[in-house]
There are 2 protein chains.
Amino acid sequence: MEDKEILRQHIAKTASLTEEEFEHFFSYFKPESFKKGEIIINEGDNVEKEYFVLSGCLKAFFMNDNIKMHILQFTMPTWWTSDYAALYNKTKATIIIDCISDTEVLSITNEAREKLCSELHQAEYFFRWRTNKGYVAAQKRLLSFMNNDAKTRYEELLALYPALYNMVPKHLIAAYLGVSRETLSRLYNSSK
Amino acid sequence: MEDKEILRQHIAKTASLTEEEFEHFFSYFKPESFKKGEIIINEGDNVEKEYFVLSGCLKAFFMNDNIKMHILQFTMPTWWTSDYAALYNKTKATIIIDCISDTEVLSITNEAREKLCSELHQAEYFFRWRTNKGYVAAQKRLLSFMNNDAKTRYEELLALYPALYNMVPKHLIAAYLGVSRETLSRLYNSSK
DNA sequence: TAGGATGAGTGACATAGGTCACATTCTGCG
DNA sequence: CGCAGAATGTGACCTATGTCACTCATCCTA
C-alpha cells in the first residue's frame, strides 16, 4: 500500500477529513527511511519531530548509566513515536529511538503539527484522541507493572503482540518487561 | 477563590479563551461535593464523567482480588481524574476513585466534553494538551518503576509532592509506590 | 571459510522486598 | 472520656529476581 494510503486509513479510524483536507494534512509529512541499527533520536538531541511508522520496527528506550536498557515502546507500523517529553517541552532528549529493522516512517515537526492543528479542527481532534489512547495504554502498562509478576507480564505481552516473539531478540523483550535476560529465559523455559 | 476562577486560571495556562468563550466552557461543568471516604467511581460502574478537583484530594486505584491496592494517581486541586479507559471506551470501570479528604470538584460528562470540543477549537486544543502532559507524566512514572528501587521512588515522590507526606496515610503512599507498607516504613526509617 | 560479534541457556549465589505475626501508637466518635 | 479501629513499627523468615561467570550456537563479514 502506498504511504499516503496507510496514513489516510489510520486517520480515518478517528477523524473525518475531506479529500482536500487530507491532502493538506499529508502535505506536512515527510517520508524518511532508516537502516537497522540506525539511531533516529539520541540522548541529548534536540527533538524536532515525531514519527509515524509505515514499515519495520523501532524501539524507544532509556539507558541507565550506559548499563541497563529500559524499553518504553516497540513501535510497529501505524504507531507513532518520539521522545514526547523532549518534543513537547523543547528539552534535550533523554530517551533513544533506534531501528530494530529497516524502517520507513512519515515524520512531522512539532511546529508543523501545531500549525496543522490550528488550521484544521479535525487534525486537533485526531491528535487529541491519539494521545488519549496512548495515555490509557500507558496507565494500563503501569498497572500491569505494579500488579503482575514478570511471568504474567511476559504472557500478556505475547498475547498482545505475538509477532514480537519472532521479530525482536529476547534480551529486548526482557528490557521491555523490566527483567534481566536471564530471568526471562528461565520464565519461558519453565512454563512449557 | 471562586470555583470558576480556579478553572479559568487553569485553562488560561494552556488555551486562550475570550470571556464569552470561557463562560460557554464553564457552563458545561457542574460543581459537586464529596465527603472523606466517599466513592465517586466504583468498579463495574458505567463511567460518564471526568472530574476537575477544586479542593481536597482523591485517589484512583486498582484492587487486586480485593487484597492489594495499587494507586494510579493522587488527584490534588487543579488536577483531573476519571477512569479514562472506561470513560473513553464506554466500558465498565475497573478502577475505583474515592476521597482521601472532603473534596469539591467540577464534573463534566464525556458527551459534554465532546460537544464542547467540537464547538470550540480552543477547548479541543486545551484537552489535547492536558492529555499530552498526562501521557508524558505516565511514561516518566513507568520509567521510574523500571529504573529505580523503592527507596529512590519514595524520595522522588516526596520531592515532587512534599504535601503528600502529611496529607495521606503512609500505607497509601506505599500503595502508590508499589511496595508493602512494611517496606515503606523500613525505607524512611533507615534513611534518617 | 574462519573468527568475532551477538544472542541465548544455566548454575551458584546475593539481595530487595514480600509476608506474617505481633506490639504500639494515634484518632475519631459514641 | 474512653475505646474500637486505623495506622504504624519491627522482627523473622521466605521468595522472586538480579548478578556473575561460563558455555554454546548462530550469523555476519573480512
Side-chain angles (χ1 to χ4, degrees), chain A residues 35-39 57 59 61-71 74 96 98-102 143-158 164-192, chain B residues 35-39 56-57 59 61-71 74 98-102 143-158 164-192:
Chain A
K35 289 284 166 202
K36 178 176 177 176
E38 208 172 328
I39 291 177
C57 182
K59 67 177 193 284
F61 61 102
F62 176 78
M63 285 302 298
N64 157 346
D65 310 323
N66 280 301
I67 302 291
K68 269 188 257 175
M69 171 192 293
H70 296 288
I71 296 181
F74 294 113
I96 305 169
D98 71 5
C99 302
I100 292 180
S101 56
D102 291 0
L143 219 38
S144 174
F145 248 92
M146 294 202 280
N147 196 37
N148 301 135
D149 62 13
K151 183 163 183 171
T152 310
R153 295 206 302 282
Y154 171 67
E155 282 156 5
E156 249 178 36
L157 178 66
L158 284 200
L164 272 186
Y165 187 83
N166 296 310
M167 188 153 185
V168 314
K170 308 260 183 299
H171 71 273
L172 294 185
I173 292 183
Y176 179 90
L177 294 174
V179 296
S180 67
R181 54 170 204 84
E182 293 94 331
T183 297
L184 180 62
S185 167
R186 289 177 178 116
L187 284 179
Y188 59 75
N189 286 320
S190 76
S191 69
K192 278 187 294 210
Chain B
K35 289 284 167 202
K36 179 176 176 175
E38 208 172 328
I39 292 176
C57 183
K59 67 177 192 285
F61 60 102
F62 175 78
M63 286 301 298
N64 156 348
D65 310 323
N66 280 302
I67 302 290
K68 268 188 257 173
M69 171 192 292
H70 297 288
I71 297 181
F74 293 113
D98 72 5
C99 301
I100 292 180
S101 57
D102 292 0
L143 218 39
S144 174
F145 248 93
M146 294 201 280
N147 196 37
N148 301 137
D149 62 12
K151 183 162 185 172
T152 311
R153 295 204 303 281
Y154 170 68
E155 283 156 4
E156 249 178 38
L157 179 65
L158 284 200
L164 272 186
Y165 187 83
N166 296 312
M167 186 155 187
V168 314
K170 307 261 183 301
H171 71 272
L172 293 185
I173 292 183
Y176 179 90
L177 294 174
V179 296
S180 67
R181 55 170 203 84
E182 292 94 331
T183 296
L184 180 62
S185 167
R186 288 177 179 115
L187 284 179
Y188 60 74
N189 285 320
S190 77
S191 69
K192 277 188 295 213

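To find a chain, count down the sequence lines: A is the first, B the second, and so on, and within it residues start at 1. All heavy atoms count here, side chains included; hydrogens, waters and symmetry mates do not.
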> When you check every protein heavy atom under 4.0 Å of nucleotides 21-30 of chain C, what one-letter string (B, S, -) results, 5' to 3'?
Replying inline: B---------
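- In terms of the side chain to side chain contact (heavy atoms under 4.5 Å, CB included) criterion, residue partners of B:His70 (sequence neighbours excluded) are, by chain and number, A:Leu143, A:Met146, A:Asn147, B:Phe62, B:Asn64, B:Lys68.
- Applying the salt bridge (Lys or Arg N to Asp or Glu O under 4.0 Å) criterion to A:Asp149, with sequence neighbours excluded, gives no partner residue.
- One can place CD1 of A:Ile100 at 14 Å from C1' of C:dG7, the figure rounded to the nearest angstrom.
- Partners of A:Asn148 by side chain to side chain contact (heavy atoms under 4.5 Å, CB included), not counting sequence neighbours, listed by chain and number: A:Ser144, A:Thr152, A:Arg153, A:Glu156.
- When every heavy atom of A:Ala174 is checked against every heavy atom of A:Leu184, the shortest pair comes out as N-CD2, 3.6 Å.
- When all heavy atoms of B:Asn189 and B:Ser185 are compared, the pair lying nearest together is ND2-O, 2.9 Å.
- Rounding to whole angstrom units, CG of residue A:Asp149 and C1' of C:dT19 are separated by 16 Å.
- Expressed to the nearest 0.5 Å, how far NZ of A:Lys59 lies from SG of A:Cys99 amounts to 9.0 Å.
- Of the residues in residues 164-178 of chain B, B:Pro169, B:Lys170, B:His171 come within less than 4.0 Å of DNA chain D through at least one heavy atom, sorted by number.
- Nearest heavy atoms, A:Val168 versus A:Ile173: CG2-CG1, 3.5 Å.
- By the 6.0 Å and 45° rule, B:Lys151 does not stack over the aromatic ring of B:Tyr188.
- Under a 3.5 Å cut-off, the side chain of B:Ser101 and the backbone N or O of B:Gly56 do not form any donor-acceptor pair.
- When DNA chain D is scanned in the 5' to 3' direction for atoms under 4.0 Å from non-hydrogen atoms of chain A, the outermost contacting nucleotides are D:dT17 to D:dA21.
- In this structure, A:Tyr154 places its OH atom 13 Å from C1' of C:dA8, rounding to the nearest Å.
- The side chain to side chain contact (heavy atoms under 4.5 Å, CB included) test applied to A:Lys36 returns A:Asp102, not counting sequence neighbours.
- Here A:Met63 pairs with A:Glu43, A:Phe61, A:Met69, A:Ile96 under the side chain to side chain contact (heavy atoms under 4.5 Å, CB included) rule; sequence neighbours left out.
- For the residue pair B:Asp98 and B:Gly37, the shortest heavy atom distance occurs at CB-O, 4.4 Å.
- A rotation axis mapping the C1' atoms of four pairs onto the next four is fitted at both ends of the helix from C:dT1-D:dA30 to C:dG30-D:dC1 over five pairs, and the angle between these axes is 40° to 10 degrees.
- Remark: A:Phe74 pairs with A:Tyr176 by the ring pair (Phe, Tyr, Trp, His ring centres under 6.0 Å) rule, at least two apart or across chains.
- Rounded to a whole Å, the CE atom of A:Met146 is 13 Å from the P atom of C:dG18.
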